[in-house]
Amino acid sequence: MLFDDFLIRATLAGIAVAVAAAPLGCFVVWRRMAYFGDATAHAAILGVALALAFNLSVFLGVLFVTILMATLVSRLSGRGFAMDTLLGVMAHASLAIGLVAVSFLSGVRVDLMAFLFGDILAVSVTDLVVIWAGALSVLALLVWRWDALLTATMSPELARAGGLDPDREQLVLSITLAIVVAVALKVVGVILITAMLIIPAAAARPLARTPESMAVIAILVAIIAAFGGLQMSLWADTPAGPSIVTVAFCLFMLSLITGAFYRGMR
């Protein structure tokens, strides 16, 4: 059968993460939310620990904790807490608490390396269904809220004048980010999720003329990175998750050079 080939499953999982993470990453870049992505991603380990402790789905455990983290940070920001300080505390504390919680699990074998750096080559058919369901949900949400999110990102004052609530759009973006973290955990792991959010979007920025074109280019960059990283992993026997991020970084450097070349030609 088609899905009996682990490489095909891994490729499809990589494409799903690319479709979900890349357009969302554009908002992360525009809003300078990289540290926010880190805080949400690091909370995933606590979600893993809770899911294993209560014998629940890891995806549901991670989704619950990351949504809780995203909502908490969104609510606390602007209430006397400096954002960088708040995110620094939440990011590192959640990761540390998660690792401590995992150490208390008795009789449960936990492959921390797989959760930290991903294990895309071990994606099952069930994992694939969950990943694609989450990715399509994220994509549908972004398409539905695109104009509102874009307006709130570019000009909160204009958003308020148009009857939009920038804080609500921030919360929508935060929850969407939490879903992406839960979806991408199996593919690239906690440590590399933020890289897959930021690097494709950053690579698309010098080549794009509109927000929509930037999102499309970011998706293409992420898909190429996923496919190229998997090929690199097979040929050079390197870890798949870091290989995907490495290829994404190479594409980012190429986009910088290409963008500089075209600017010099004008």
Side-chain angles (χ1 to χ4, degrees), residues 9-31 33-34 36-41 43-44 47 57-60 62-67 69-70 115 118-120 123-146 149-150 153 169-204 211-230 240-241 244-245 247-248 251:
R9 292 197 302 270
T11 302
L12 291 175
I15 292 173
V17 170
V19 166
L24 181 61
C26 293
F27 286 101
V28 172
V29 169
W30 292 330
R31 286 175 171 256
M33 291 174 59
F36 187 96
D38 265 337
T40 307
S57 163
V58 171
F59 175 81
L60 293 178
V62 170
L63 183 62
F64 171 76
V65 172
T66 51
I67 287 178
M69 170 66 76
F115 289 118
D119 193 10
I120 189 173
V123 169
S124 66
V125 175
T126 302
D127 292 331
L128 200 56
V129 170
V130 172
I131 290 170
W132 267 103
L136 292 176
S137 299
V138 168
L139 193 60
L141 185 59
L142 287 177
V143 170
W144 174 46
R145 302 298 302 172
W146 180 266
L149 287 170
L150 191 60
T153 296
E169 301 307 323
Q170 168 70 29
L171 183 59
V172 169
L173 200 60
S174 301
I175 292 174
T176 308
L177 181 60
I179 297 173
V180 168
V181 169
V183 166
L185 181 67
K186 184 80 173 183
V187 177
V188 290
V190 169
I191 303 299
L192 303 176
I193 287 173
T194 310
M196 286 306 293
L197 282 166
I198 297 171
I199 297 177
E212 290 77 14
S213 65
M214 181 172 163
V216 171
I217 294 171
I219 291 174
L220 294 176
V221 169
I223 289 174
I224 294 170
F227 183 77
L230 285 172
I244 291 172
V245 175
V247 173
L251 293 172

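Remember, it's a predicted structure, so these values are computed and weren't measured experimentally.
When every heavy atom of Ala10 is checked against every heavy atom of Ile120, the shortest pair comes out as O-CD1, 3.2 Å. Of all the heavy atoms in Leu230 and Ile244, the pair that sits closest is N-CG1, 4.3 Å. Counting all heavy atoms, side chain and backbone alike, Thr40 lies closest to Thr66 at O-CG2, 3.4 Å. Minimum interatomic distance between Ala43 and Val65 (heavy atoms only, all atoms of both residues): O-CG1, 3.3 Å. When all heavy atoms of Cys26 and Ala215 are compared, the closest pair comes out as SG-CA, 3.7 Å. Pairing each heavy atom of Arg9 with each of Val123, the nearest pair is NE-O, 2.8 Å.
To the nearest 0.5 Å, atoms CG (Leu139) and CH2 (Trp146) are separated by 10.0 Å. Rounding to the nearest 0.5 angstrom, the gap separating the CD atom in Gln170 from the CZ atom in Phe27 is 11.5 Å. To the nearest 0.5 Å, the span separating CG on Leu150 from CD on Glu212 amounts to 6.5 Å.
Between Leu251 and Ile199, the closest side-chain pair of non-hydrogen atoms is not below 4.5 Å. When side chains are defined from C-beta on, Pro23 counts as touching Ile219, because their heavy atoms get closer than 4.5 Å. The shortest side-chain heavy-atom distance between Ile15 and Thr11 falls under the 4.5 Å cut-off. Leu141 is listed as a side-chain neighbour of Arg145, based on a closest heavy-atom distance under 4.5 Å. No side-chain heavy atom of Val183 sits less than 4.5 Å from a side-chain heavy atom of Val138. Between Ile131 and Phe59, every side-chain heavy-atom pair lies at or beyond the 4.5 Å cut-off. Taking 4.5 Å as the limit, every side-chain heavy atom of Val58 sits out of range of all side-chain heavy atoms of Lys186.
No donor-acceptor distance shorter than 3.5 angstrom exists from the side chain of Trp30 to the backbone of Pro211, with no hydrogens or angles considered.
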Q: List the steps and the verdict of side chain to side chain contact (heavy atoms under 4.5 Å, CB included) for Leu177 and Leu197.
A: CA-CA 9 Å; Leu177 181 60; Leu197 282 166; 3.3 Å; yes
